[in-house]
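To start, the structure itself, in structure tokens.
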2 protein chains.
Amino acid sequence: MAESAATCPERLVMEHITSRWGTLVLIALLDRPHRFGELRREIGRVSEKMLAQTLRTLERDGLVHRDARPVIPPRVDYSLTGLGREAAERVRDLAHWTERRLAAVERAREAYDAASP
Amino acid sequence: MAESAATCPERLVMEHITSRWGTLVLIALLDRPHRFGELRREIGRVSEKMLAQTLRTLERDGLVHRDARPVIPPRVDYSLTGLGREAAERVRDLAHWTERRLAAVERAREAYDAASP
DNA sequence: CGGTATCCTGAAAGATACTG
DNA sequence: CAGTATCTTTCAGGATACCG
């Protein structure tokens, strides 16, 4: 997750929430709690490394709750905190808007590209 | 602006909108149209390259309108399109939420860091 | 004033292999 | 199952210089 240096603190939080995997994790968890492997399968082509990193960052920010049960085989459930739900609802809105308007954006691009050789 | 390869098309639009400079540009334009130099000063420490690139991407996506007047010295005004206004309002909400909740996030981080050596 | 063009680097993402 | 460790590649973004 993007972590560059000279950044205002809000930017950092925004980046965690709107990052590629952050967005998908938050939206998935808005539906219901998920285990690590469920998230992995649902999101699709995410590496274990990136998923783990994303979850840790969101947990650290207080957006995601991690419930690790000391059983064998291990079982870990992730869910949204109250804070996380607020954030997730907003990214979901943005994501849904993007889906709804994607066609319009693509038309704009074609027009732009047609006008500039 | 982030442009990696194997990405679903909505992700690309999301990234343009929520990118570091994209967010700031959209929020500034939500207030009123701006000239290039005004954006540059208002946003602060953005390079001309990144600002120009961000504006071109947003224009191409149909979110920002570019009005270049053929005068000397050149004068170019940027404003939001209808589509851009919809997007800008949503990022602004997210940005405002982040500002409001920043303290809570920072408290969560302290707790997390205190718990894990 | 409002940009382009070019080069360069640090950091982030992916692949792969391994583990409690 | 749920991760870590390590290596490699990629590329966004800054610095700098120049232009219509």
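Chain letters run A, B, ... following the sequence lines, proteins first, then strands; residues in each count from 1.
Rounded to whole angstrom, the span from the OH atom of B:Tyr78 across to the P atom of C:dC1 amounts to 15 Å. Computed from coordinates, the B:Arg69 CZ to C:dG2 P distance equals 13 Å when rounded to whole Å. Distance, B:Ile72 CD1 to C:dG3 P: 15 Å, rounded to whole Å. In this structure, CG of A:Leu55 is placed 10 Å from P of D:dT4, rounded to the nearest angstrom. Going from atom CZ of B:Arg75 over to atom C1' of C:dG3 covers 16 Å, rounded to whole Å. The separation between A:His34 atom NE2 and D:dC1 atom P is 16 Å, rounded to whole Å. Atom CD of A:Glu15 and atom C1' of C:dA13 are 14 Å apart (whole Å). Across the protein-nucleic acid pair, A:Arg66 atom CZ and D:dC1 atom C1' stand 12 Å apart, rounded to whole Å.
Between the side chain of B:Gln53 and the main chain of B:Met50, no donor-acceptor pair closer than 3.5 Å is present.
Classification of A:Asp61 and B:Arg109 as a salt-bridged pair holds, one side-chain N sitting under 4.0 Å from a carboxylate O. A salt bridge links B:Arg60 and A:Asp113; the closest N-O separation between the charged side-chain nitrogens and carboxylate oxygens is under 4.0 Å. Taking the charged nitrogens against the carboxylate oxygens, B:Glu38 and B:Arg32 do have a contact shorter than 4.0 Å, which makes a salt bridge.
The two residues A:Thr23 and B:Arg11 have their closest heavy-atom pair at OG1-NH2, 3.4 Å.
No more than 12 heavy atoms of other residues, nucleotides or ligands shown are found within 6.0 angstrom of CZ on A:Arg69.
Looking only at side-chain heavy atoms (C-beta outward), A:Val46 and A:Leu24 stay at 4.5 Å or farther from each other.
Non-hydrogen atoms lying under 4.0 Å from DNA chain C are contributed by B:Phe36, B:Gly37, all within residues 36-43 of chain B.
Of the candidates A:Thr57, A:Ile43, A:Leu26, A:Ile43 is the only one forming a side-chain contact (heavy atoms from CB on, under 4.5 Å) with A:Trp21.
Residue A:Pro73 is the one, among A:Pro73 and A:Arg56, whose nearest nucleotide of DNA chain D lies closer to the 5' end (criterion: closest heavy atom).
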**OP:** Do nucleotides 14-20 of chain C as a string where each nucleotide becomes B, S or -: B if the base has a protein heavy atom under 4.0 Å, S if just the sugar-phosphate does, - if no protein is that close.
**Re:** BB-B--B

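Contact check, A:Arg35 against D:dC1: no side-chain N or O comes under 4.0 Å of OP1 or OP2.
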**OP:** Could you check B:Leu63 against B:Glu59 for side-chain contact (heavy atoms from CB on, under 4.5 Å), going step by step and ending with a plain yes or no?
**Re:** CA-CA 6 Å; B:Leu63 304 176; B:Glu59 189 198 355; over 6 Å; no

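Within the helix from C:dC1-D:dG20 to C:dG20-D:dC1, the inter-axis angle between the opening and closing five-pair segments is 60°, rounded to 10°.
The side chain of A:Ala52 lies closest to D:dG3 when the candidates are D:dG3, C:dG2, C:dT4.
In the hydrophobic cluster analysis, where Ile, Leu, Val, Met, Phe, Trp and Tyr join through side-chain heavy atoms closer than 4.5 angstrom, A:Leu83 is grouped together with A:Val13. Hydrophobic clustering keeps A:Ile27 apart from A:Leu51 (ILVMFWY residues linked when any side-chain heavy atoms are closer than 4.5 Å, directly or through intermediates).
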